[in-house]
Amino acid sequence: MASNLREIAEHSSAWPFEEARKIVARLNKRPKDEIIFATGYGPSGLPHIGTFGEVARTTMVRHAFRVLTGDKVKTRLIAFSDDMDGLRKVPDNIPNKDMVAEHLGKPLTKVPDPFGTHPSFGEHNNARLRAFLDVFGFEYEFLSATACYTAGRFDETLLRVLAHFDAVMGIMLPSLREERAQTYSPFLPISERTGVVLQVPVIAHDGKAGTITYEDPDTGETVTTPVTGGRCKLQWKPDWAMRWVALGIDYEMAGKDLIDSVKLSGEICRAIGGRPPEGFNYELFLDEKGQKISKSKGNGLTIDEWLRYASPESLSLFMYREPKAAKRLYFDVIPRHVDEYHQYLDAYQRQDDRQRLSNPVWHIHSGHPPKIDMPITFAMLLALVSSSNAENAETLWGFIGRYRPGVTPQTHPKLNELVDYAIHYFRDFVLPAKTYREPGEQERAALSDLRDALSQLPSDASAGDIQDVVYEVGRREPFLDKTGKIKTRDGKPGVSLEWFNMLYQVLLGQEKGPRFGSFVAVYGLKNTIEMIDGALARSA
RNA sequence: GAGCGCGUAGCUCAGAUGGUAGAGCACCUGACUUUUAAUCAGGUGGUCCUGGGUUCGAGUCCCAGCGCGCUCACCA
């Protein structure tokens with residue numbers, strides 16, 4: 001069975017397999033004991049939706065690779081934090097900005113934690129990142145740049161970079177503008193005096209001694225320092241190349257904004273005798289207007305927002321789909337992905353192995369998608385929640401039970417999760433957008449009468465009985481039917497549409513709604529009466 | 001300037017290995033309901049950006065062009 005699956009995987013056009021085959025080819029060329037996947041995180045801050053995407057996608061490739069190799073080759077996923085980068089500017093979204101401002105330029109792991117929960121800002125961010133990855137159950141190994149540098153784990157490779165100093169400069173300089181090229185150095189010494197990561201020209205380097213020499217920008221003093229032991233860090237692109245070599249990275253994907261960086265880092269990697277990892281450039285996420293999503297602009301969706309309205313699995317589906325196409329990430333895409341996720345789950349049960357391997361849920365669930373019965377779509381649920389004024393899960397379940405008899409939170413726990421998401425949607429989007437029309441004099445009188453009539457009904461009155469009462473109260477001006485088309489069986493005057501429209505516009509703040517008797521039966525007589533009282537008080 | 005992506009129904013988008021163009025929404029009709037849908041059954045709607053090429057056959061593969069968008073070139 002397993003070998004059969006493997007054979008199919010070898011010809012699958014699903015992108016994780018395409019990627020994994022690149023790694024297999026790499027492995028065949030240069031055999032090694034284990035394959036190392038990497039993802040990196042900048043210092044600028046907190047985990048965001050792109051972070052999730054990168055880890056989720058890398059995990060999919062990793063799993064595809066394991067299937068392709070019959071799980072005979074060990075794999076690791078390194079989550080690498082650039083926590084030794086100098087703090088360039090004070091982020092907007094943190095407390096104690098003044099304190100942090102005093103430490104500008106220092107490695108993040110030397111800046112005190114503005115939140116006061118960790119020894120340093122860098123460690124704070126690292127903890128946030130790990131907590132974030134853990135929520136999703138990702139399997140990974142965390143590495144801190146600071147820890148690697150100071151423990152000497154990078155020393156050997158740092159010396160190799162130093163030995164190829166001129167070659168590295170030869171690669172970097174043509175990519176820089178003239179004024180920047182004047183001062184560029186791949187090595188950034190960390191000042192013994194101030195602790196700041198210095199961006200200064202290197203006036204001499206000594207490969208044998210393993211040192212560089214620079215001029216202290218404040219004192220003008222000439223300083224010679226070893227490049228090892230955490231006394232120097234590397235500039236971004238050489239740093240990436242060094243890390244690939246030092247850690248033996250085989251695969252790392254990156255956003256398309258980093259295409260040039262990947263290229264240059266790859267050249268540097270080769271220059272110091274390494275082999276750049278296999279890679280993949282994914283497209284960036286756009287907001288609904290097609291603008292790039294950025295944390296500073298605050299456009300697009302955050303991961304918290306997605307998870308407030310839908311499951312992590314639906315977000316994984318979003319990440320699986322066409323990683324090379326620019327995709328808009330805004331609220332409207334959520335319901336579709338939730339429903340498609342369940343469609344794929346359903347389809348999976350009916351598919352053969354070949355189809356299964358190109359089914360997104362196979363990749364999302366690492367080959368073991370669950371079997372879930374979802375009797376109602378999320379799109380319908382959202383329509384239901386907004387048309388039924390269901391402010392809480394109990395009310396919404398009342399409507400669901402009416403619509404799909406026998407379906408309960410107990411029989412369908414996954415649907416219950418969707419119900420919670422739908423309620424969030426209602427509170428955040430539907431409720432604030434409601435505009436309640438003011439009733440006129442005659443309408444107020446009718447509403448008041450309706451309130452009294454409903455209060456006379458037994459608490460277990462049926463939807464039909466309630467509907468009859470609603471008609472009876474509405475059988476008055478200005479709601480009588482003028483068209484002559486509507487007639488009751490016993491010849492009483494008909495009630496026009498206006499009566500019901502008024503109820504929805506005044507009571508629910510919407511143009512249309514469900515059959516009113518059914519609505520009251522589920523919503524509750526008492527709640528309905530309170531709602532009418534509220535409307536009368538609001539307009540009094 | 002360099003790189004990447006996109007162009008399919010009114011809108012948002014699917015269309016593995018080439019084989020009679022699809023979905024959702026919107027719209028229209030009907031059913032159900034003494035009038036209100038969130039239900040159900042149907043339906044209208046497309047020069048698949050353009051022009052070549054390969055092929056028995058191209059939305060799909062190749063070349064060229066047009067249009068749109070994004071990214072990079074300071075830092076990570």
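Residue numbers start from 1 in every chain, and the chains themselves are labelled A, B, ... in the order their sequence lines are given, proteins ahead of strands. Just so you know, these numbers come straight off a predicted model, no measurement behind them.
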Nearest-Å distance, CG (A/L384) to C1' (B/rA38)? 6 Å
Interatomic distance, A/L234 CG vs B/rA76 P [rounded to whole Å]: 11 Å
With both distances under 3.5 Å as the test, what is the Watson-Crick or G-U wobble partner of [N]?
| N | result |
| --- | --- |
| B/rU71 | B/rA2 |
| B/rU39 | B/rA31 |
| B/rA58 | none |
| B/rA23 | B/rU12 |

Hey, does [X] reach any base, or is it just sugar-phosphate, or nothing, if we go heavy atoms under 4.0 Å?
| X | result |
| --- | --- |
| A/L503 | nothing |
| A/S358 | nothing |
| A/I259 | sugar-phosphate |
| A/E322 | sugar-phosphate |

Walking RNA chain B from its 5' end, the first of A/S13 and A/L188 to be reached, judged by nearest nucleotide, is A/S13
Between B/rU8 and B/rG22, how many Å separate the two C1' atoms, rounded to a whole number? 10 Å
If the C1' atom of B/rG42 is compared with that of B/rU36, how far apart are they to the nearest Å? 23 Å
Do the side chain of A/Q467 and the base of B/rU36 come within less than 3.5 angstrom through a donor-acceptor pair of N or O atoms? yes
Ignoring hydrogens and angles, are the base of B/rC72 and the side chain of A/K256 linked by a donor-acceptor pair under 3.5 Å? no
Selected nucleotide, minimal atom distance to [X] side chain, candidates [options]:
| X | options | result |
| --- | --- | --- |
| A/R88 | B/rU71, B/rC4, B/rA76 | B/rA76 |
| A/R354 | B/rC75, B/rC74, B/rA16 | B/rA16 |
| A/L284 | B/rA16, B/rU71, B/rU34 | B/rU71 |
| A/D468 | B/rU34, B/rC74, B/rA76 | B/rU34 |
| A/R180 | B/rA76, B/rC74, B/rG5 | B/rC74 |
| A/M380 | B/rU39, B/rA76, B/rC4 | B/rU39 |
| A/E283 | B/rU71, B/rC4, B/rU17 | B/rC4 |
| A/Q235 | B/rA76, B/rA38, B/rC70 | B/rA76 |

Charged N to carboxylate O below 4.0 Å: is that the case for A/E278 and A/K22? no
Residues A/R270, A/E267: salt bridge by 4.0 Å N-O rule: no
Any A/R336 side-chain N or O less than 4.0 Å from OP1/OP2 of B/rC13: no
Below 4.0 angstrom from OP1 or OP2 of B/rA16, is there any side-chain N or O of A/Q355? no
For A/W15 and A/F280, I'd like to know if the aromatic rings sit close, meaning centre-to-centre distance below 6.0 Å. yes
Scan side-chain atoms only and decide if A/Q235 and A/Y184 contain a donor-acceptor pair under the 3.5 Å cut-off. no
Regarding A/D239 and A/Y149, is there a side-chain donor-to-acceptor distance under 3.5 Å anywhere? yes
Return yes if some donor-acceptor pair links the side-chain N/O of A/H342 with the main-chain N/O of A/H337 below 3.5 Å, else return no. no
